[in-house]
Amino acid sequence: MEIPYIVNPRKDTGLINSKIAIWLFLASEVMLFGGFFSAYVYLRLGADYPWPERTLPVLPGLINTFILIGSSVTVVFAWVALKLGNWRQFQIYMGITVACAAIFMVLKGLEYNVKFKHQAARLHDYTIVEGHLGYQKDDKKEYVFDRHGKKIEENMIRVVAEKVTVSVKRFHAPWVNEMLSEAKHNGSEIKLAADIKAITEEGGKEVTLAKAGEPLSLDLLGKIQEVQIAALKHNAALRTAALRMEWKETKKANPGKKGWQLSSDVNIDVDALSPRLLTEVSNVEFKVDPPTRFLFKPRDIKEGATSSRLRDDTVIAGVMEASPMVFHNLDAIDFQWLVMRAKERGADPDTAIANSWLMKNSEFVREAWAWHLAENVKKQDELNRRFGFKEDGKTPKETLTHKELYRIGWKELGLMGVDTKQVKIGGVDKIKEEFMGPNYKARGSETYPELSVPREEIRHAAKFTPAWNTYYAVYFTITGLHGLHVIGGALVLLYYLVFGRKMFLSNPEWLANRVEVGGLFWHFVDLVWIFAFPIFYLM
Amino acid sequence: MADSIEAIQKAKKTYLLVFGALLVGTVLTVLVATVPALDIGGHGFDIYDAILGLLIASTKATLVAAIFMHLNHEKKLIYWVFFGSIFFFFAMGALFALAESSPIFDYNFYK
Amino acid sequence: MSAQAAATSGHDHSHDEHHHEIPFWKKYIFSTDHKMIGLQYGITAMLFLAFGFYLMMVMRWSIAYPHEPLPEWMSWIFTENWKARWLQDGKVTGETYNMFGAMHGTIMVFLGIVPLGFGAFGNYITPLQIGAVDMAFPKLNMFSYWIYLLGGLTMCASFFMESGAAKSGWTNYSPLAGFADGQIVNQWLAGQTQWLLGLVMLITSSLLGSVNFITTIINLRARGMTWMRLPFFVWAMLVTAFLLLLAFPPLEAAGIMQLMDRVTHSSFFMPSGLFTKSDGLADLSGGGSPLLFQHLFWFLGHPEVYVLLLPAIACVAEIIPVNTRKPLWGYKSMVFSVLILGFLSFIVWAHHMYMTGMGPAVSTFFQTTTVLISIPSVIIITALLISLWGGSIRFTPPMLWACAFIPMFGIGGLTGLPLAFNLVGLHLHDTYYVIGHFHYVVAPGILFGLFAGVYHWYPKITGRYMSGFLSHVHFWPSLVCMNIIFFPMLTQGMAGFHRRWYNGGDAYLDKATAATADGANVFANTVAQNIDLNIVMSYGAWILAVAQIPFVINLFCSWKTGRKVESDNPWDATTLEWATPTPPGHGNFTFDVAVYRGPYEYSRPDCEKDYYPQWQAPKKPIGGTPDETEDKGHH
């Protein structure tokens, strides 16, 4: 039994099955990427924060565009070679196509990597600072290592823990282990604060599950968890039975009455029941002896001055030490959002900027801002020269954009470094910066200095990831999904390249059809990028 | 699908021409976006830049679709399927944008 | 070539070059034969439907008896640990109710009706009715089934996790759906996340399935099967496939974005300044829009309801001509209507969003298109109704269900009409009226249509009729119970009962005055007047469950003990699926199929029989041209 029209087209439609199928699939892909691009339009139109315009370095995107367009051409030529029966040429062109795909993904990987290492923070007054966090160094400027031998990123919450209360049901085993090993490394012990006594059998006596001073361990927690689950199970069954009994009796005593009329009178007799209930141990308290410092990632902990809670409901009682976010290299200062908020309030933007925490607490920022204002005067003069003034002769026809007015990016700080501190940087390094971001080593800490932001000032912080803002969210999602399509398409084409010879010899028409279908998918992938590139990199 | 040898040879030339056009289009779109002298519609990014950018992109896309993807001599059915989906995409995008821009009241909760 | 079951008559397998034994696992488990895949879809879907039904039964307990613990006969199925975690003293909690409610909707829609209608019936019947040997891409078809199963199991596995299953409604709106189960440290183990993963798998399954269907219908039609000779069933499946193809991807986009929100902490759908009781100000960038999710969801959501509907209408449209012995009335109108319906269904979605603060321009647009879309629906249902007029009606079991479909779906559709208007939506949005409306359409509507299909095609699949007696025992209580459950919902909805109350409205009663319903609180009075309906409705639901037992018995027992069919075409039907052996073997047809006429040539005056099958070659008249294309159909 053979499916017809796999190789030879059907007469009335003139098409083979796979051609129809691929175009249908591409139609669905149009709707998929269409959904994402519609989301982009929606998010951009509705953004309540300054949308990052033209913030991505263009060069990697441009090169990737060339590469993808090139691969589009080579895949067509590969198909042509097949139609003309030239296996060698097909191999060459298809090989180039797949190689282009690989280079595309490598470049994309580089781009993503640079972003994932770049930190941004929004303060409570809506100032945004960006830069590189770096790793903790001691007074001798040497790296500090944690117990795993790893460097410690300058974005940890430090709590000097005295007591740790673990949720028996929800504790997260890896975090318990982390705390244990960190305590051990610091020469501290985590021990049970008090005896855990529980009634584990109905009508039985209290049993000591663990004695005070017993060290925290997963085994201990597991044992208590077992007891708790059994207790919950037993008590629930007991209470359910009791409630059923109550209802039965209440209904019998009140015939003809509705359920909702009786419900407030139906209560479990707690006194009668409590001797039969087992103890539910839901939290266990441990003492940290002596109190020691734990480091936590900000996302895992809800920190407080004297008590903090982890996401697995572990409560750490202890003082939170100063846990600033320390930028080893500050490379952008952005007041756009702060200004947007000020304007909404009807306040003067420049005053708002002058009153920001950043301006008040950083000499470097004050200098940079002054330099920036001076540069902007020059830029505005240039605009006035090009476009002139309106009828009143005073209002310029074109003014600087919001971004130019209120954001100092890394390139501008670089210029400032060259301008004011005579920092030298070569042409090749400049091009490398288009791919890898600012070169902190070459430009030095005069251009990109250190900045320590206290934890209390930070409203929201993230690396340049989807978490940072909706622009990056939609950028990573669309380009990431596109990248997956590149990989998928390349794998299919690679399959034909590597395993296609047999089919070329036995049924070349079929192989040409399959390569054409694969090529159609590849062109679609190129099409999406043709739109994605200008939208994300140039708008 | 071009079937005869001559047709395919001619098509090769077309493919190369289109390749060139795509490269030119790419460079053009970058220049228009980055060179201040070529900034249309006034200084900075505005709706005109967006329209121009999308126009260039659409032209490139049309070339890829028509020539590389053989749409220019494809069967009607395929046209209907593909352009139907494009139509629905635009309808979706337009209606989303319309919905976003036409609220029942103007909310401003940035106090 | 081995056949499906041993029941093939000794037909010449002249098309098969060689006989080889297909191993069990390849024949029944990883089969690429559309019929086996169709049966796999059917059985899996019915199991999921039963599961979703059970969830609803527990929900109805909570609604009818909100303060009482679950009775033994309903709670025995849960483990003690599960009950300890999710029931409070045996009572259904709000959280549990929400979880069951969200999963009931999800399972019924995505794991039940669509796979049953499109996956099962579509796969089994469509290639047969167009005269094809199989689907265009059999391996892809198999993959579609398995990824559907995987997605469904992923969603249901989450019931057993610490977080429980998804609990933010089947519509899974952000920001709630982005936050729910947020306390789970490893987000990949959270029920909400798994719901999204399952959804992505289901969407993939449907997309690949639609590509398969459309390619098959376009390119694998038999000789002479022109477009206007296609049975309406095939047209309906074609439109359904297009709806799935074009409408599902935006939901996949939304699902991916919501996954990103959960796992990467992005803010696609999280607005600025979000505040929760447990965590205070959310540590998110904000700037996103919950409305965006709603738009993307309902962009699929509306075509989805037509995806649910069309396979059922397809079944009914096949059954009625067979059992009235006359052609389908208005076939051409029905075809054009279903095409227009498909097109319009893409531009009506915001009628699910009237309460989101959209301005007059947008809501007027959607009101207009929504009212417009009622026209093709009415044309189709009216055509089905008129098809009964003057027919020689045979009340076979399928006909019973098909005839019930018409008024039940009619009620469902008519109750939908008020909802088309945003002014009415102000009062009825998110009330029980909406639940009553769509359940009328889906439960006594679509499900009855699909049951009809099961009874109708069972003889072709197994070679035996289903028991007529059991089908009546299944039918009549089901019909009565469906109306008992869903009609009062319309009343309750108009009274203001909200659709996601877990205690049936009990919380809004003023206990002091509820008995007489004349207290100062008007809403409490209204609730008091309608709350007792809950108990009647819940009993209706539980009896409905019992009424399905005859069906299950019928399904399994008739296979072995049912009355055997007399021929390969026991209903004397005209469409191509009845030209196959019973059951159809691999490759379906044992002769070279050609189609000579339309699909509903019944009771032709120039024919001795009261039906003229599509595949039967015309007799050449004595000295003259053959009377071939009687329908003058061109393609």
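What you are looking at is a predicted structure, and each value in this text was computed from that prediction instead of being measured. Numbered from 1 within each chain, the chains take letters A, B, ... in sequence-line order.
Scanning residues 242-251 of chain A against chain C with a 4.5 Å non-hydrogen threshold yields A:L243, A:R244, A:W247, A:K251, sorted by number. Using non-hydrogen atoms only and a strict 4.5 Å limit, the part of residues 296-304 of chain A facing chain C consists of A:R299, A:K302.
The choice from C:N588, C:L296, C:I218, C:L208 that makes the most heavy-atom pairs within less than 4.5 Å of chain A is C:I218. Top candidate by heavy-atom pairs under 4.5 Å with chain C, chosen from A:L43, A:L15, A:T465, is A:L43. In terms of heavy-atom pairs under 4.5 angstrom with chain A, the leader among C:L220, C:D134, C:L244, C:I531 is C:L220. Counting heavy-atom pairs closer than 4.5 Å to chain A, the top-ranked of the candidates C:T216, C:D532, C:N186, C:L140 is C:D532. Ranked by heavy-atom pairs under 4.5 Å with chain A, the list C:E252, C:Q183, C:K83, C:K511 is led by C:Q183. Chosen from C:P250, C:A253, C:A132, the residue pairing most often with chain A at heavy-atom distances under 4.5 Å is C:A253. Heavy-atom pairs under 4.5 Å with chain A peak, among C:R85, C:K91, C:H295, C:E68, at C:E68. In terms of heavy-atom pairs under 4.5 angstrom with chain C, the leader among A:P466, A:A236, A:A27 is A:P466. Comparing A:K169, A:K258, A:E29, A:R170 by heavy-atom pairs within less than 4.5 Å of chain C, the highest count is held by A:R170. Taking A:P4, A:A39, A:G34 one by one and counting their heavy-atom pairs under 4.5 Å with chain C, the maximum is reached by A:A39.
Within the 4.5 angstrom heavy-atom criterion, only side-chain atoms of C:L509, from C-beta onward, approach chain A. Only the side chain of A:W175 comes within contact range of chain C, with at least one heavy atom under 4.5 Å from a heavy atom of that chain. Within the 4.5 angstrom heavy-atom criterion, atoms from both the backbone and the side chain of C:A515 approach chain A. Neither the backbone nor the side chain of A:L262 has a heavy atom closer than 4.5 Å to any heavy atom of chain C. Heavy atoms closer than 4.5 Å to chain A are found in the side chain of C:S75, but not in its backbone. With a threshold of 4.5 angstrom between heavy atoms, A:L238 does not approach chain C through any atom at all. C:P138 touches chain A through its side chain: at least one heavy atom from C-beta onward sits under 4.5 Å away, while N, CA, C and O do not. Using a 4.5 Å cut-off between heavy atoms, A:V474 touches chain C through backbone and side chain atoms alike. The parts of C:N219 that come within reach of chain A are both its backbone and its side chain, each placing non-hydrogen atoms under 4.5 angstrom from that chain. Contact annotation for C:A528: neither backbone nor side-chain heavy atoms come within less than 4.5 Å of a heavy atom of chain A. Neither the backbone nor the side chain of C:S163 comes within contact range of chain A; no heavy atoms are under 4.5 Å apart. Looking at C:Q88, neither its backbone nor its side chain comes within 4.5 Å of chain A, counting heavy atoms on both sides. Only the side chain of A:Y42 comes within less than 4.5 Å of a heavy atom in chain C; its backbone stays farther off. In this structure, the portion of C:M135 lying under 4.5 Å from any heavy atom of chain A is its backbone and not its side chain. Only the side chain of C:F242 comes within contact range of chain A, with at least one heavy atom under 4.5 Å from a heavy atom of that chain. For a residue to count as touching a neighbouring chain, one of its non-hydrogen atoms must lie under 4.5 Å from one of that chain's; by this rule C:F268 touches chain A with backbone and side chain alike. Heavy atoms of C:L281 lying under 4.5 Å from chain A belong to its backbone as well as its side chain. With a 4.5 Å cut-off on non-hydrogen atoms, C:L245 touches chain A through its backbone and its side chain both. Of the atoms belonging to C:E80, heavy atoms from both backbone and side chain fall under 4.5 Å from chain A.
The closest side-chain donor-acceptor pair between C:D89 and A:T240, if any, does not fall under 3.5 angstrom. C:S266 and C:D261 are linked by a side-chain donor-acceptor pair at a separation below 3.5 angstrom, with hydrogens and angles left out of the test. Using modelled atom types, one finds a donor on one side chain and an acceptor on the other under 3.5 Å when comparing C:S267 with C:S285. Between the side chains of A:E280 and A:N235, at least one donor N or O lies within less than 3.5 Å of an accepting N or O. Checked by atom type, the side-chain pair A:S282/A:Q228 shows no donor-acceptor distance below 3.5 Å. In summary, the side chains of A:Y126 and A:R122 do not present any donor paired with an acceptor at a separation below 3.5 Å, with no hydrogens or angles considered. Between the side chains of C:H34 and C:N141, no donor N or O sits under 3.5 Å from an acceptor N or O.
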For the pair A:D265 and A:K257, evaluate salt bridge (Lys or Arg N to Asp or Glu O under 4.0 Å) and give the outcome as yes or no after the intermediate values.
CA-CA 12 Å; A:D265 298 325; A:K257 278 225 172 146; over 6 Å; no
With side-chain hydrogen bond (donor to acceptor under 3.5 Å, both in side chains) as the test, would you mind laying out the steps for C:S272 and A:D48 before giving the verdict?
CA-CA 8 Å; C:S272 307; A:D48 59 356; 2.5 Å; yes
Step by step, work out the side-chain contact (heavy atoms from CB on, under 4.5 Å) result for A:L123 and A:I458.
CA-CA 4 Å; A:L123 310 185; A:I458 297 175; 4.3 Å; yes
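Under the 4.5 Å side-chain criterion, counting only non-hydrogen atoms from C-beta, A:Y40 is not in contact with A:Y475. Here the side chains of A:I229 and C:N81 are in contact, with some heavy-atom distance below 4.5 Å. At least one side-chain heavy atom of C:R221 sits under 4.5 Å from a side-chain heavy atom of A:D12. A:H234 is listed as a side-chain neighbour of A:E202, based on a closest heavy-atom distance under 4.5 Å. Side chains of A:M31 and C:F299 form a contact here, defined as non-hydrogen atoms less than 4.5 Å apart. Using a 4.5 Å heavy-atom cutoff, the side chains of A:H485 and A:F33 are in contact.
Ring geometry for A:F464 versus A:W468: interplanar angle under 30°, hence parallel rather than tilted (30 to 60°).
Once rounded to the nearest 0.5 Å, the distance linking CZ of A:R459 with CG of C:D283 reads 8.0 Å.
Every residue was checked against the side-chain hydrogen bond (donor to acceptor under 3.5 Å, both in side chains) condition with A:H460, not counting sequence neighbours, and none meets it. Applying the side-chain hydrogen bond (donor to acceptor under 3.5 Å, both in side chains) rule to A:S18 yields no partners; only residues at least two apart in sequence or on another chain are considered.
In this structure, A:K115 and A:K463 approach most closely via the heavy-atom pair O-CB, 4.3 Å. Among all heavy-atom pairs drawn from C:F589 and C:V593, the shortest one is CG-CG2, 3.3 Å.
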